[in-house]
2 protein chains.
Amino acid sequence: MHTILVIEDERDLAGLVAFNLEKEGYRCVIACDGIQGLEMARQHNPDLILLDLMLPGMLGTELCKLLKKAENTSQIPVIMLTAKGEEIDKVVGFEVGADDYVVKPFSTRELVLRVKAVLRRFAVETESETIINIGTVTIDTSRHVVAVKGEEIAFTSTEFKLLHTLVKRWGRVQSRDVLLRDVWGYNYVGDTRTVDTHITRLRTKMGEAGDMIKTVRGFGYKLEER
Amino acid sequence: MHTILVIEDERDLAGLVAFNLEKEGYRCVIACDGIQGLEMARQHNPDLILLDLMLPGMLGTELCKLLKKAENTSQIPVIMLTAKGEEIDKVVGFEVGADDYVVKPFSTRELVLRVKAVLRRFAVETESETIINIGTVTIDTSRHVVAVKGEEIAFTSTEFKLLHTLVKRWGRVQSRDVLLRDVWGYNYVGDTRTVDTHITRLRTKMGEAGDMIKTVRGFGYKLEER
DNA sequence: CCCCGTTGTCATCATGCTGTCACAACAGGC
DNA sequence: GCCTGTTGTGACAGCATGATGACAACGGGG
(Lines give C-alpha, C1' and ligand atoms only; values in the text may rest on other atoms or scores of the structure.)
Protein backbone atom coordinates (compact mmCIF):
# COMPACT_ATOMS: atom_id res chain seq x y z
CA MET A 1 0.00 0.00 0.00
CA HIS A 2 1.49 3.31 -1.14
CA THR A 3 0.94 6.58 0.64
CA ILE A 4 0.54 9.69 -1.48
CA LEU A 5 0.79 13.23 -0.18
CA VAL A 6 -1.37 15.72 -2.08
CA ILE A 7 -0.31 19.34 -1.65
CA GLU A 8 -3.01 21.49 -3.19
CA ASP A 9 -4.83 24.57 -1.92
CA GLU A 10 -8.10 24.01 -3.76
CA ARG A 11 -9.78 21.66 -1.36
CA ASP A 12 -12.32 20.44 -3.89
CA LEU A 13 -9.66 19.41 -6.32
CA ALA A 14 -7.54 17.85 -3.58
CA GLY A 15 -10.53 15.87 -2.41
CA LEU A 16 -11.37 14.67 -5.89
CA VAL A 17 -7.82 13.57 -6.51
CA ALA A 18 -7.62 11.78 -3.19
CA PHE A 19 -10.93 10.07 -3.82
CA ASN A 20 -9.79 8.70 -7.15
CA LEU A 21 -6.41 7.61 -5.88
CA GLU A 22 -7.97 5.85 -2.93
CA LYS A 23 -10.29 4.06 -5.33
CA GLU A 24 -7.10 2.71 -6.94
CA GLY A 25 -5.85 1.43 -3.62
CA TYR A 26 -3.57 4.26 -2.51
CA ARG A 27 -3.63 5.92 0.89
CA CYS A 28 -3.88 9.71 0.65
CA VAL A 29 -2.83 12.59 2.87
CA ILE A 30 -3.79 16.15 2.03
CA ALA A 31 -1.94 19.36 2.78
CA CYS A 32 -3.41 22.74 1.86
CA ASP A 33 -0.35 24.95 1.76
CA GLY A 34 3.38 24.74 1.37
CA ILE A 35 4.41 24.89 5.01
CA GLN A 36 1.98 22.19 5.98
CA GLY A 37 3.07 20.18 2.96
CA LEU A 38 6.71 20.27 3.95
CA GLU A 39 5.86 19.21 7.46
CA MET A 40 3.66 16.35 6.37
CA ALA A 41 6.25 15.15 3.91
CA ARG A 42 8.65 14.79 6.82
CA GLN A 43 6.15 13.21 9.15
CA HIS A 44 4.35 10.76 6.91
CA ASN A 45 7.27 9.79 4.68
CA PRO A 46 4.97 9.31 1.68
CA ASP A 47 5.87 7.20 -1.34
CA LEU A 48 4.98 9.98 -3.73
CA ILE A 49 4.05 13.64 -3.61
CA LEU A 50 1.54 15.41 -5.83
CA LEU A 51 2.45 19.07 -5.70
CA ASP A 52 0.52 22.04 -7.05
CA LEU A 53 2.77 24.55 -8.77
CA MET A 54 0.75 27.53 -7.53
CA LEU A 55 0.42 27.57 -3.78
CA PRO A 56 -0.42 30.37 -1.40
CA GLY A 57 2.55 31.35 0.72
CA MET A 58 5.18 29.32 -1.03
CA LEU A 59 5.73 28.57 -4.69
CA GLY A 60 5.47 24.91 -5.59
CA THR A 61 8.84 25.10 -7.29
CA GLU A 62 10.47 26.37 -4.13
CA LEU A 63 8.86 23.67 -2.07
CA CYS A 64 10.00 21.06 -4.55
CA LYS A 65 13.57 22.31 -4.35
CA LEU A 66 13.39 22.14 -0.57
CA LEU A 67 12.04 18.62 -0.67
CA LYS A 68 14.75 17.51 -3.06
CA LYS A 69 17.42 19.09 -0.91
CA ALA A 70 16.39 17.71 2.46
CA GLU A 71 17.96 14.41 3.29
CA ASN A 72 14.88 12.54 4.41
CA THR A 73 12.61 13.68 1.60
CA SER A 74 14.97 13.89 -1.37
CA GLN A 75 14.28 10.39 -2.60
CA ILE A 76 10.49 10.83 -2.70
CA PRO A 77 9.24 11.27 -6.26
CA VAL A 78 7.32 14.46 -6.96
CA ILE A 79 4.68 14.96 -9.62
CA MET A 80 3.89 18.60 -10.32
CA LEU A 81 0.39 19.80 -11.07
CA THR A 82 0.75 22.74 -13.43
CA ALA A 83 -1.62 24.96 -15.34
CA LYS A 84 -1.14 25.11 -19.06
CA GLY A 85 1.55 27.52 -20.17
CA GLU A 86 3.55 27.38 -16.98
CA GLU A 87 7.18 26.67 -17.50
CA ILE A 88 7.10 22.94 -17.67
CA ASP A 89 10.65 22.66 -18.97
CA LYS A 90 12.10 24.10 -15.81
CA VAL A 91 9.87 22.12 -13.53
CA VAL A 92 10.94 18.70 -14.64
CA GLY A 93 14.47 19.85 -15.36
CA PHE A 94 17.32 19.87 -12.95
CA GLU A 95 16.54 23.27 -11.62
CA VAL A 96 13.46 22.24 -9.72
CA GLY A 97 13.80 18.49 -9.79
CA ALA A 98 10.26 17.24 -10.14
CA ASP A 99 10.03 13.74 -11.57
CA ASP A 100 7.00 14.26 -13.75
CA TYR A 101 4.14 16.69 -14.26
CA VAL A 102 0.47 16.72 -15.15
CA VAL A 103 -1.17 19.70 -16.80
CA LYS A 104 -4.44 21.02 -15.42
CA PRO A 105 -7.16 20.35 -16.22
CA PHE A 106 -6.31 16.66 -16.18
CA SER A 107 -8.45 13.57 -16.34
CA THR A 108 -8.29 11.42 -13.23
CA ARG A 109 -7.42 8.55 -15.52
CA GLU A 110 -4.33 10.36 -16.73
CA LEU A 111 -3.30 11.32 -13.22
CA VAL A 112 -3.63 7.77 -11.95
CA LEU A 113 -1.60 6.44 -14.85
CA ARG A 114 1.14 8.97 -14.22
CA VAL A 115 1.25 8.09 -10.56
CA LYS A 116 1.52 4.41 -11.37
CA ALA A 117 4.25 5.04 -13.93
CA VAL A 118 6.34 7.14 -11.57
CA LEU A 119 5.96 4.68 -8.71
CA ARG A 120 6.98 1.87 -11.01
CA ARG A 121 10.01 3.79 -12.21
CA PHE A 122 11.10 4.49 -8.66
CA ALA A 123 10.46 0.95 -7.55
CA VAL A 124 12.97 -0.22 -10.14
CA GLU A 125 15.52 2.39 -9.24
CA THR A 126 15.36 1.86 -5.54
CA GLU A 127 14.76 -1.87 -5.66
CA SER A 128 16.77 -3.73 -3.08
CA GLU A 129 18.17 -1.39 -0.48
CA THR A 130 19.25 2.19 -0.34
CA ILE A 131 22.63 0.85 0.65
CA ILE A 132 24.55 -0.83 -2.09
CA ASN A 133 27.79 -2.72 -1.61
CA ILE A 134 30.18 -3.40 -4.45
CA GLY A 135 33.48 -4.81 -3.33
CA THR A 136 35.00 -2.43 -0.81
CA VAL A 137 32.70 0.37 -1.89
CA THR A 138 29.53 1.18 -0.01
CA ILE A 139 27.09 3.78 -1.19
CA ASP A 140 24.13 4.88 0.89
CA THR A 141 21.70 6.84 -1.25
CA SER A 142 19.40 7.84 1.56
CA ARG A 143 22.17 9.26 3.71
CA HIS A 144 24.03 10.45 0.61
CA VAL A 145 27.25 8.93 1.81
CA VAL A 146 29.99 6.88 0.20
CA ALA A 147 32.55 4.78 2.00
CA VAL A 148 35.53 2.82 0.74
CA LYS A 149 36.83 0.16 3.13
CA GLY A 150 34.69 1.73 5.82
CA GLU A 151 36.34 5.09 5.33
CA GLU A 152 33.87 7.82 4.44
CA ILE A 153 34.69 9.90 1.39
CA ALA A 154 33.26 13.34 0.57
CA PHE A 155 31.84 13.58 -2.92
CA THR A 156 30.30 16.58 -4.58
CA SER A 157 26.75 16.27 -5.83
CA THR A 158 27.69 15.61 -9.45
CA GLU A 159 30.29 13.09 -8.45
CA PHE A 160 27.83 11.34 -6.20
CA LYS A 161 25.19 11.11 -8.91
CA LEU A 162 27.74 9.78 -11.36
CA LEU A 163 29.02 7.18 -8.96
CA HIS A 164 25.49 6.28 -7.96
CA THR A 165 24.54 5.68 -11.59
CA LEU A 166 27.56 3.45 -12.08
CA VAL A 167 26.89 1.56 -8.86
CA LYS A 168 23.19 1.06 -9.60
CA ARG A 169 24.15 -0.57 -12.88
CA TRP A 170 27.43 -2.08 -11.84
CA GLY A 171 28.91 -4.51 -14.29
CA ARG A 172 27.00 -3.00 -17.18
CA VAL A 173 28.77 -0.57 -19.48
CA GLN A 174 27.36 2.95 -19.51
CA SER A 175 28.09 5.12 -22.51
CA ARG A 176 28.99 8.76 -22.09
CA ASP A 177 25.68 9.70 -23.67
CA VAL A 178 23.73 7.64 -21.18
CA LEU A 179 25.70 9.05 -18.28
CA LEU A 180 25.22 12.60 -19.53
CA ARG A 181 21.50 12.01 -19.81
CA ASP A 182 21.04 10.31 -16.46
CA VAL A 183 23.43 12.42 -14.41
CA TRP A 184 23.35 15.77 -16.15
CA GLY A 185 19.84 15.58 -17.63
CA TYR A 186 18.25 15.57 -21.06
CA ASN A 187 18.72 19.22 -21.77
CA TYR A 188 22.39 19.27 -21.04
CA VAL A 189 24.38 20.73 -23.88
CA GLY A 190 28.08 20.35 -23.68
CA ASP A 191 31.09 18.24 -24.15
CA THR A 192 30.83 14.50 -23.65
CA ARG A 193 34.41 14.69 -22.45
CA THR A 194 33.11 16.27 -19.29
CA VAL A 195 32.32 12.74 -18.21
CA ASP A 196 36.00 11.84 -18.51
CA THR A 197 37.01 14.56 -16.14
CA HIS A 198 34.49 13.49 -13.56
CA ILE A 199 35.49 9.87 -13.88
CA THR A 200 39.04 10.93 -13.17
CA ARG A 201 37.87 12.81 -10.10
CA LEU A 202 35.96 9.78 -8.88
CA ARG A 203 38.98 7.55 -9.37
CA THR A 204 41.24 9.94 -7.54
CA LYS A 205 38.95 10.32 -4.57
CA MET A 206 38.31 6.60 -4.36
CA GLY A 207 42.01 5.86 -3.93
CA GLU A 208 43.01 2.33 -4.76
CA ALA A 209 39.37 1.35 -5.19
CA GLY A 210 39.40 3.77 -8.13
CA ASP A 211 40.40 1.05 -10.54
CA MET A 212 37.04 -0.59 -10.02
CA ILE A 213 35.87 1.94 -12.59
CA LYS A 214 36.86 0.37 -15.87
CA THR A 215 37.20 2.22 -19.13
CA VAL A 216 35.64 0.34 -22.01
CA ARG A 217 37.34 1.94 -24.94
CA GLY A 218 34.95 3.14 -27.60
CA PHE A 219 31.91 2.50 -25.42
CA GLY A 220 32.05 4.11 -22.02
CA TYR A 221 32.63 3.14 -18.41
CA LYS A 222 31.54 0.43 -16.04
CA LEU A 223 32.00 -0.42 -12.41
CA GLU A 224 33.44 -3.84 -11.65
CA GLU A 225 33.81 -5.76 -8.46
CA ARG A 226 37.30 -7.00 -7.87
CA MET B 1 20.65 -0.56 -38.15
CA HIS B 2 17.52 1.37 -37.29
CA THR B 3 15.35 3.19 -39.79
CA ILE B 4 13.73 6.43 -38.72
CA LEU B 5 10.87 8.09 -40.53
CA VAL B 6 10.89 11.89 -40.25
CA ILE B 7 7.51 13.49 -40.96
CA GLU B 8 8.08 17.23 -41.15
CA ASP B 9 6.95 19.81 -43.70
CA GLU B 10 9.86 22.19 -43.24
CA ARG B 11 12.34 20.54 -45.56
CA ASP B 12 15.32 22.34 -44.09
CA LEU B 13 14.58 21.13 -40.61
CA ALA B 14 13.82 17.62 -41.83
CA GLY B 15 17.14 17.57 -43.67
CA LEU B 16 19.05 18.78 -40.66
CA VAL B 17 17.45 16.21 -38.42
CA ALA B 18 18.11 13.43 -40.91
CA PHE B 19 21.70 14.53 -41.30
CA ASN B 20 22.34 14.37 -37.60
CA LEU B 21 20.59 11.07 -37.13
CA GLU B 22 22.50 9.55 -40.02
CA LYS B 23 25.70 10.75 -38.45
CA GLU B 24 24.68 8.60 -35.47
CA GLY B 25 24.24 5.58 -37.69
CA TYR B 26 20.52 5.65 -38.32
CA ARG B 27 18.92 5.35 -41.71
CA CYS B 28 16.45 8.15 -42.40
CA VAL B 29 13.39 8.48 -44.58
CA ILE B 30 11.64 11.83 -44.95
CA ALA B 31 7.98 12.55 -45.58
CA CYS B 32 6.73 16.11 -46.06
CA ASP B 33 3.09 15.78 -45.21
CA GLY B 34 0.70 13.57 -43.29
CA ILE B 35 -0.65 11.47 -46.15
CA GLN B 36 2.83 10.72 -47.42
CA GLY B 37 3.95 10.02 -43.88
CA LEU B 38 1.24 7.47 -43.26
CA GLU B 39 2.04 5.74 -46.51
CA MET B 40 5.76 5.63 -45.84
CA ALA B 41 5.20 4.32 -42.34
CA ARG B 42 3.34 1.38 -43.86
CA GLN B 43 5.84 0.84 -46.66
CA HIS B 44 9.15 1.24 -44.89
CA ASN B 45 8.17 -0.20 -41.54
CA PRO B 46 10.52 2.16 -39.67
CA ASP B 47 11.82 1.47 -36.19
CA LEU B 48 10.81 4.92 -34.98
CA ILE B 49 8.83 7.92 -36.23
CA LEU B 50 9.65 11.57 -35.64
CA LEU B 51 6.44 13.47 -36.16
CA ASP B 52 5.86 17.20 -36.39
CA LEU B 53 2.79 18.30 -34.49
CA MET B 54 1.86 20.91 -37.08
CA LEU B 55 1.51 19.48 -40.55
CA PRO B 56 -0.29 20.83 -43.60
CA GLY B 57 -3.33 18.76 -44.50
CA MET B 58 -3.41 16.59 -41.44
CA LEU B 59 -2.70 17.36 -37.82
CA GLY B 60 0.20 15.48 -36.34
CA THR B 61 -1.99 14.37 -33.49
CA GLU B 62 -4.52 12.84 -35.87
CA LEU B 63 -1.76 11.08 -37.77
CA CYS B 64 -0.32 9.74 -34.54
CA LYS B 65 -3.69 8.37 -33.51
CA LEU B 66 -4.05 6.70 -36.90
CA LEU B 67 -0.59 5.16 -36.61
CA LYS B 68 -1.30 3.87 -33.14
CA LYS B 69 -4.61 2.40 -34.28
CA ALA B 70 -3.46 0.60 -37.40
CA GLU B 71 -2.29 -2.92 -36.79
CA ASN B 72 0.95 -2.83 -38.70
CA THR B 73 2.16 0.51 -37.36
CA SER B 74 0.86 0.52 -33.79
CA GLN B 75 4.01 -0.93 -32.30
CA ILE B 76 6.27 1.73 -33.82
CA PRO B 77 7.37 4.32 -31.25
CA VAL B 78 6.54 7.94 -32.08
CA ILE B 79 8.40 11.04 -30.90
CA MET B 80 6.49 14.28 -31.38
CA LEU B 81 8.17 17.52 -32.38
CA THR B 82 6.22 20.35 -30.79
CA ALA B 83 6.61 24.09 -30.50
CA LYS B 84 6.68 25.45 -26.99
CA GLY B 85 3.24 26.03 -25.58
CA GLU B 86 1.52 23.44 -27.71
CA GLU B 87 -0.47 20.99 -25.71
CA ILE B 88 2.28 18.64 -24.73
CA ASP B 89 0.12 17.04 -22.09
CA LYS B 90 -2.32 15.62 -24.59
CA VAL B 91 0.38 14.57 -27.01
CA VAL B 92 2.31 12.27 -24.76
CA GLY B 93 -0.80 11.38 -22.86
CA PHE B 94 -3.08 8.58 -23.67
CA GLU B 95 -5.32 10.50 -25.99
CA VAL B 96 -2.78 10.77 -28.78
CA GLY B 97 -0.34 8.09 -27.76
CA ALA B 98 3.06 9.50 -28.66
CA ASP B 99 5.89 7.89 -26.73
CA ASP B 100 7.93 11.00 -26.13
CA TYR B 101 8.24 14.55 -27.35
CA VAL B 102 10.87 17.17 -28.06
CA VAL B 103 10.13 20.87 -27.82
CA LYS B 104 11.29 23.12 -30.66
CA PRO B 105 13.79 24.58 -30.91
CA PHE B 106 15.77 21.56 -29.79
CA SER B 107 19.44 20.76 -29.79
CA THR B 108 20.44 17.86 -32.00
CA ARG B 109 22.04 16.29 -28.95
CA GLU B 110 18.76 16.23 -27.11
CA LEU B 111 16.94 14.82 -30.10
CA VAL B 112 19.49 12.07 -30.59
CA LEU B 113 19.41 11.19 -26.91
CA ARG B 114 15.62 11.00 -26.92
CA VAL B 115 15.70 8.80 -30.01
CA LYS B 116 18.26 6.51 -28.43
CA ALA B 117 16.34 6.35 -25.17
CA VAL B 118 13.06 5.50 -26.85
CA LEU B 119 14.65 2.90 -29.10
CA ARG B 120 16.36 1.33 -26.12
CA ARG B 121 13.12 1.25 -24.19
CA PHE B 122 11.47 -0.53 -27.09
CA ALA B 123 14.42 -2.81 -27.69
CA VAL B 124 14.30 -4.02 -24.12
CA GLU B 125 10.68 -4.96 -24.59
CA THR B 126 11.30 -6.92 -27.76
CA GLU B 127 14.60 -8.72 -27.36
CA SER B 128 15.57 -8.90 -23.69
CA GLU B 129 18.58 -11.13 -24.21
CA THR B 130 21.93 -9.42 -23.74
CA ILE B 131 23.76 -12.66 -23.09
CA ILE B 132 24.29 -15.09 -25.93
CA ASN B 133 25.83 -18.52 -25.65
CA ILE B 134 27.29 -20.41 -28.60
CA GLY B 135 29.19 -23.54 -27.64
CA THR B 136 31.90 -22.57 -25.20
CA VAL B 137 31.63 -18.90 -26.13
CA THR B 138 29.57 -16.48 -24.07
CA ILE B 139 29.10 -12.87 -25.05
CA ASP B 140 27.44 -10.33 -22.79
CA THR B 141 26.72 -7.10 -24.59
CA SER B 142 25.57 -5.10 -21.60
CA ARG B 143 28.60 -5.95 -19.52
CA HIS B 144 30.74 -5.88 -22.63
CA VAL B 145 32.45 -9.09 -21.76
CA VAL B 146 33.36 -12.22 -23.69
CA ALA B 147 34.21 -15.52 -22.09
CA VAL B 148 35.47 -18.75 -23.60
CA LYS B 149 35.07 -21.78 -21.35
CA GLY B 150 34.36 -19.41 -18.51
CA GLU B 151 37.62 -17.59 -19.01
CA GLU B 152 37.20 -13.89 -19.67
CA ILE B 153 38.95 -12.50 -22.72
CA ALA B 154 39.70 -8.85 -23.41
CA PHE B 155 38.56 -7.66 -26.80
CA THR B 156 38.94 -4.24 -28.33
CA SER B 157 35.88 -2.35 -29.43
CA THR B 158 36.07 -3.35 -33.10
CA GLU B 159 36.82 -6.94 -32.27
CA PHE B 160 33.88 -7.03 -29.90
CA LYS B 161 31.46 -5.63 -32.42
CA LEU B 162 32.69 -8.06 -35.06
CA LEU B 163 32.35 -11.05 -32.79
CA HIS B 164 28.96 -9.88 -31.63
CA THR B 165 27.73 -9.67 -35.21
CA LEU B 166 28.98 -13.16 -35.93
CA VAL B 167 27.48 -14.54 -32.74
CA LYS B 168 24.11 -12.85 -33.31
CA ARG B 169 23.90 -14.57 -36.69
CA TRP B 170 25.77 -17.72 -35.90
CA GLY B 171 25.51 -20.46 -38.49
CA ARG B 172 24.82 -17.98 -41.27
CA VAL B 173 27.61 -16.82 -43.55
CA GLN B 174 28.36 -13.10 -43.38
CA SER B 175 30.08 -11.56 -46.37
CA ARG B 176 32.90 -9.09 -45.85
CA ASP B 177 30.65 -6.36 -47.20
CA VAL B 178 27.93 -7.11 -44.70
CA LEU B 179 30.40 -7.22 -41.85
CA LEU B 180 31.96 -3.95 -42.95
CA ARG B 181 28.56 -2.34 -43.04
CA ASP B 182 27.33 -3.67 -39.70
CA VAL B 183 30.54 -3.38 -37.72
CA TRP B 184 32.33 -0.48 -39.31
CA GLY B 185 29.22 1.44 -40.41
CA TYR B 186 27.51 1.69 -43.74
CA ASN B 187 29.49 4.69 -44.90
CA TYR B 188 32.82 3.06 -44.25
CA VAL B 189 35.26 3.32 -47.11
CA GLY B 190 38.25 1.07 -47.07
CA ASP B 191 39.72 -2.27 -47.78
CA THR B 192 37.55 -5.35 -47.34
CA ARG B 193 40.72 -7.14 -46.30
CA THR B 194 40.51 -5.27 -43.05
CA VAL B 195 37.94 -7.84 -42.06
CA ASP B 196 40.46 -10.63 -42.59
CA THR B 197 42.92 -9.06 -40.23
CA HIS B 198 40.33 -8.67 -37.53
CA ILE B 199 39.10 -12.23 -37.99
CA THR B 200 42.66 -13.36 -37.44
CA ARG B 201 42.83 -11.31 -34.27
CA LEU B 202 39.59 -12.82 -33.04
CA ARG B 203 40.82 -16.35 -33.73
CA THR B 204 44.09 -15.71 -31.95
CA LYS B 205 42.50 -14.26 -28.86
CA MET B 206 39.86 -16.96 -28.68
CA GLY B 207 42.47 -19.70 -28.46
CA GLU B 208 41.25 -23.12 -29.41
CA ALA B 209 37.71 -21.83 -29.71
CA GLY B 210 39.05 -19.73 -32.57
CA ASP B 211 38.27 -22.41 -35.09
CA MET B 212 34.59 -21.88 -34.46
CA ILE B 213 35.01 -19.03 -36.93
CA LYS B 214 34.91 -20.74 -40.30
CA THR B 215 36.13 -19.24 -43.54
CA VAL B 216 33.70 -19.76 -46.40
CA ARG B 217 35.92 -19.32 -49.38
CA GLY B 218 34.61 -16.77 -51.84
CA PHE B 219 31.79 -15.65 -49.53
CA GLY B 220 32.87 -14.61 -46.09
CA TYR B 221 32.87 -15.96 -42.55
CA LYS B 222 30.51 -17.68 -40.20
CA LEU B 223 30.49 -18.81 -36.62
CA GLU B 224 29.76 -22.47 -35.99
CA GLU B 225 28.97 -24.35 -32.85
CA ARG B 226 31.15 -27.36 -32.35
C1' DC C 1 30.97 41.49 -1.33
C1' DC C 2 34.43 38.18 -1.04
C1' DC C 3 36.00 33.51 -0.70
C1' DC C 4 36.15 28.96 -1.71
C1' DG C 5 34.38 24.72 -3.43
C1' DT C 6 32.45 22.92 -7.56
C1' DT C 7 32.20 22.24 -12.47
C1' DG C 8 32.82 22.39 -17.43
C1' DT C 9 36.26 23.14 -20.93
C1' DC C 10 40.50 22.85 -23.00
C1' DA C 11 45.33 21.61 -24.25
C1' DT C 12 48.52 18.22 -23.94
C1' DC C 13 50.30 13.73 -23.49
C1' DA C 14 50.40 8.73 -23.52
C1' DT C 15 48.59 4.65 -25.10
C1' DG C 16 47.44 1.12 -27.78
C1' DC C 17 43.95 0.29 -31.45
C1' DT C 18 43.44 -0.13 -36.40
C1' DG C 19 43.87 -0.17 -41.30
C1' DT C 20 47.09 -1.15 -44.73
C1' DC C 21 50.48 -3.56 -46.92
C1' DA C 22 53.60 -7.15 -48.23
C1' DC C 23 54.35 -11.61 -48.42
C1' DA C 24 53.46 -16.41 -47.11
C1' DA C 25 50.21 -20.11 -47.17
C1' DC C 26 46.64 -22.38 -49.13
C1' DA C 27 42.70 -24.24 -51.88
C1' DG C 28 40.95 -25.57 -56.01
C1' DG C 29 40.84 -26.02 -61.01
C1' DC C 30 43.22 -27.67 -64.86
C1' DG D 1 52.10 -30.83 -60.11
C1' DC D 2 51.41 -26.14 -61.48
C1' DC D 3 48.95 -21.90 -61.65
C1' DT D 4 45.85 -18.54 -59.95
C1' DG D 5 42.95 -16.38 -57.08
C1' DT D 6 41.92 -16.20 -52.28
C1' DT D 7 43.01 -16.01 -47.46
C1' DG D 8 46.26 -15.81 -43.28
C1' DT D 9 49.41 -13.22 -40.75
C1' DG D 10 53.07 -10.21 -38.91
C1' DA D 11 54.88 -5.56 -39.01
C1' DC D 12 54.16 -0.82 -38.67
C1' DA D 13 52.81 4.02 -38.89
C1' DG D 14 49.12 7.00 -38.09
C1' DC D 15 45.68 8.27 -35.43
C1' DA D 16 41.62 8.00 -32.44
C1' DT D 17 40.70 7.78 -27.78
C1' DG D 18 41.12 8.53 -23.04
C1' DA D 19 43.79 10.48 -18.87
C1' DT D 20 45.02 14.35 -16.59
C1' DG D 21 46.22 18.87 -14.86
C1' DA D 22 45.30 23.72 -15.36
C1' DC D 23 42.04 27.20 -15.42
C1' DA D 24 38.12 30.17 -15.64
C1' DA D 25 33.27 30.66 -14.70
C1' DC D 26 29.94 30.12 -11.55
C1' DG D 27 27.40 30.13 -7.40
C1' DG D 28 26.42 29.50 -2.60
C1' DG D 29 27.54 30.66 2.07
C1' DG D 30 29.45 33.48 5.31
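Letters go in sequence order (proteins before strands), and every chain restarts at 1. Nothing here was measured: the structure is a model prediction, and the numbers come from that model.
Using a 4.0 Å heavy-atom distance criterion, B:Y221 is classed as a sugar-phosphate-only contact. Note on A:R193: a base of the nucleic acid sits closer than 4.0 angstrom, heavy atoms only. Heavy atoms of A:T200 sit under 4.0 angstrom from at least one base atom.
Using a 4.0 Å cut-off, no side-chain N or O of A:T192 falls inside it from OP1 or OP2 of C:dG8. OP1 or OP2 of C:dT7 has not a single side-chain nitrogen or oxygen of A:H198 nearer than 4.0 Å. In this model, the phosphate group of C:dG8 is approached by a side-chain N or O of A:W184 to a distance below 4.0 Å at OP1 or OP2.
The listed nucleotides are D:dG8, C:dT20, D:dA19; the one nearest the side chain of B:D196 is D:dG8. Out of C:dC10, D:dT7, C:dT20, the shortest distance to the side chain of B:T194 is found at C:dT20. Out of C:dT18, C:dC26, C:dT7, the shortest distance to the side chain of B:T158 is found at C:dT18. Minimum atom distance to the side chain of A:T156 is reached by C:dT7, of the listed C:dG19, C:dT7, D:dG8. If you check C:dG19, D:dT20, D:dG18 against the side chain of B:Y188, the one that comes closest is C:dG19. Taking the side chain of A:R217 as heavy atoms from C-beta on, and the options D:dG18, C:dG8, D:dG8, the nearest nucleotide is D:dG18. For A:T197, the listed nucleotide lying nearest its side chain is C:dT9; candidates were C:dT18, C:dG19, C:dT9.
For the 3.5 Å distance criterion, the side chains of B:R114 and B:Y101 fail to qualify, holding no donor opposite an acceptor. For the 3.5 Å distance criterion, the side chains of A:T165 and A:D182 fail to qualify, holding no donor opposite an acceptor. For B:S175 and B:R181, the side-chain atoms include no donor-acceptor pair closer than 3.5 Å.
Per the geometry, CZ belonging to B:F219 stands 10 Å off P belonging to D:dT7, to the nearest Å. Spacing between atom CD1 of A:I213 and atom P of D:dT20 amounts to 11 Å, rounded to whole angstrom units. Regarding B:D191, its CG atom lies at a distance of 13 Å from the C1' atom of D:dT6, rounded to whole Å. Across the protein-nucleic acid pair, B:L202 atom CG and D:dT9 atom P stand 12 Å apart, rounded to whole Å. The interatomic distance linking A:D177 (CG) with D:dT17 (P) rounds to 13 Å, in whole Å. As a whole-Å value, the separation of A:L179 CG from C:dT7 P is 16 Å. Atom pair B:F160:CZ and C:dC17:C1' shows a separation of 16 Å (rounding to whole Å applied). B:K205 places its NZ atom 15 Å from the C1' atom of D:dT9, with the value rounded to the nearest Å.
Residue whose closest nucleotide on DNA chain D sits further toward the 5' end, between A:T215 and B:I199: B:I199.
Within a 6.0 Å radius of CH2 in B:W184, other residues, nucleotides and ligands contribute more than 12 heavy atoms.
Put simply, CD1 on A:I76 and NE2 on A:H44 are 11.5 Å apart, with the number rounded to the nearest 0.5 Å.
In terms of polar N and O atoms assigned as donor or acceptor, the side chain of A:R201 comes within less than 3.5 Å of the base of C:dG8 in a complementary pairing.
Pairing each heavy atom of A:M206 with each of A:V148, the nearest pair is O-CG1, 4.2 Å.
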